[in-house]
Structures are given as structure tokens and as C-alpha cells.
Amino acid sequence: MASGKIRLVHLYPDLMSVYGDRGNVLTLWRRAEWRGIELEVKELTLGDTLDPAEADVIFFGGGQDREQAVVSPDFLRQKGEAVREAVEDGAALLSVCGGYQLLGQSYTTVEGQELPGAGLFDVRSVPGPQRHIGNVLIETDLDGQRRTLVGFENHSGRTFLGPGVRPLGRTVVGAGNNGEDGTEGAVIKTAIGCYLHGSLLPKNPWLADRLLAAALRHRLREPVTLEPLDDRLEEEAHQAVAARIRGAGGRVKSGAW
Ligand code: GLN
């Protein structure tokens, strides 16, 4: 079974972390530790430079427009290119909401300021007339089988996917990318962008393991199999949240994407 040491780069934890986003980092760290894998966390903020070789997995959380405007020039100047290189080289990435928006082509704030993005995902985000706040349930076939993800969204930005961009999944309840086309998030290689706060990973443990496995594979440069964990509690949490979301009678959509 896989063991070793991996490095996680947490982007702007002081500015871009809302609605439990940091819990994703803790989850990755804990699930690695339970398997005897050391996960070293490096926090990068304004003024820091990202060396693409030092990241096996990158986390970029959400934030408000004001923080995004502060972060955006620094991100483009000192980190965006390196993030793209790291992902190209097989590093894993999870980005949520504001972080996801800044990894797209551009994000326009409610006040009309266009913030250029790093262009990792071919998506554009524009302000919408209403704020989408609430629990989200999506279906995804990310790892070849149909699974559900549960999370919490709070955004006014609407994200539209460029041609050929693979969404993370299809919304069952919630607005997702834009409240119109039924898509949620975007995926490129082992990088994920999404609107799922919450924290996302504690109650969707298979996604945490997918990121961990990719990070370890990036580090070791060989195929890896993670030791299974006893996820009964996590599964119960997932099922309970999913049932509550479905039961709450949120907007339910169907159809193909
Ligand atoms: N400011 C962005 C929006 O409202 C992102 C919000 C967030 O990260 N929760 O769309």
C-alpha cells in the first residue's frame, strides 16, 4: 500500500477561506496521516511565489469580491502560471467558489470590475441578478461510477463553461455553475473547480481520496493504491446530508448534460 510524503499548497488561507473551506485541508491531512502518509502544508499568500515542483496538491478556497480583487493581481503575477504547470505535470487541485472563479478566464465582480483569471479552466464568471445560497446535491461520474457529492453554495457569480469543458457533475438540488444549464464545477486532468463549500471533503470522502491518490502519484511517479479506511461515519454523514437536501424540497432538476 502507498506510503510516503506529499506536499499541499494552500493558496491565500488568510484571504480566501469561507464556510469551512479550511476543513478540506484538515481532511486531506488527516486521511493521509491515518495511512502513514505525511502531508506537509505550505501556506502561500500575497507576495509569495509558487514553485510548481513543490506542490503535489493545491487548495484554493472561496472569498468575497473584495478579497478576490486583492488576490487577483498577485495570483496572476506570482502563482497562476505555476498552478497551470503543476496541474499539467499531474498535481491534484481543488478550488472552491472564489478560487474556482480566479482559475477561470475571468471573473467580473458585482461592481463590474473584471478580474482576469489564470485560465486553468476555460470558464468565465459574471455577476448574476440573485445570490445562490443553500445546500447542493450533485451527481458525478468523475471516477467512472455515478456518485453524489453534497456541499453548500453561496455565490452571486455565474460560471459558464467554454466549449468542451467537462463539468464536475450535474446538479440535482442547487444552482451549481449558473442556475441555468444544470452543470456544477469543472474538471481538467486531476484539477477540480466547484461551488461546493461546507466543508466539502469530510462528507465526501471518496473525493478526498481521489485527490490524495493523485497527489501521491504525482510525488512517487508511479501508480498508487490507497489503503481503505473505515468510512462508516463519513458515509453516514453524507447520506444524512443528502437525504436532508432531497427532503428539503429544493429545486430539483433533471435531464442530460
Ligand atoms: N464573490 C464570489 C461570488 O459571490 C465568490 C463567493 C464565494 O467564494 N463564496 O460569486
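When a ligand or atom number is given, it counts from 1 through the structure's own listing order.
- Contact residues for ligand 1 (protein heavy atom closer than 4.0 angstrom to any ligand atom): Tyr19, Gly62, Gly63, Gln64, Asp65, Gln68, Cys97, Gly98, Gln101, Tyr107, Arg131, Asn154, His155, Ser156, Gly157, His197.
- Looking at Thr140, its side chain does come within 3.5 Å of a backbone N or O of Leu142 through a donor-acceptor pair.
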Check against side chain to side chain contact (heavy atoms under 4.5 Å, CB included), Asn154 and Tyr19 | CA-CA 9 Å; Asn154 186 344; Tyr19 317 119; 2.8 Å; yes
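- Between Phe75 and Phe60, a ring centre-to-centre spacing shorter than 6.0 Å is recorded.
- Asp48 is linked by a side chain to side chain donor-acceptor pair (under 3.5 Å) to nothing, counting only residues two or more places apart in sequence or in another chain.
- Checked by atom type and distance alone, the side chain of Arg35 pairs as donor or acceptor with a backbone atom of Glu227 at under 3.5 Å.
- His238 and Thr148 share a donor-acceptor pair across their side chains, judged by distance under 3.5 Å alone.
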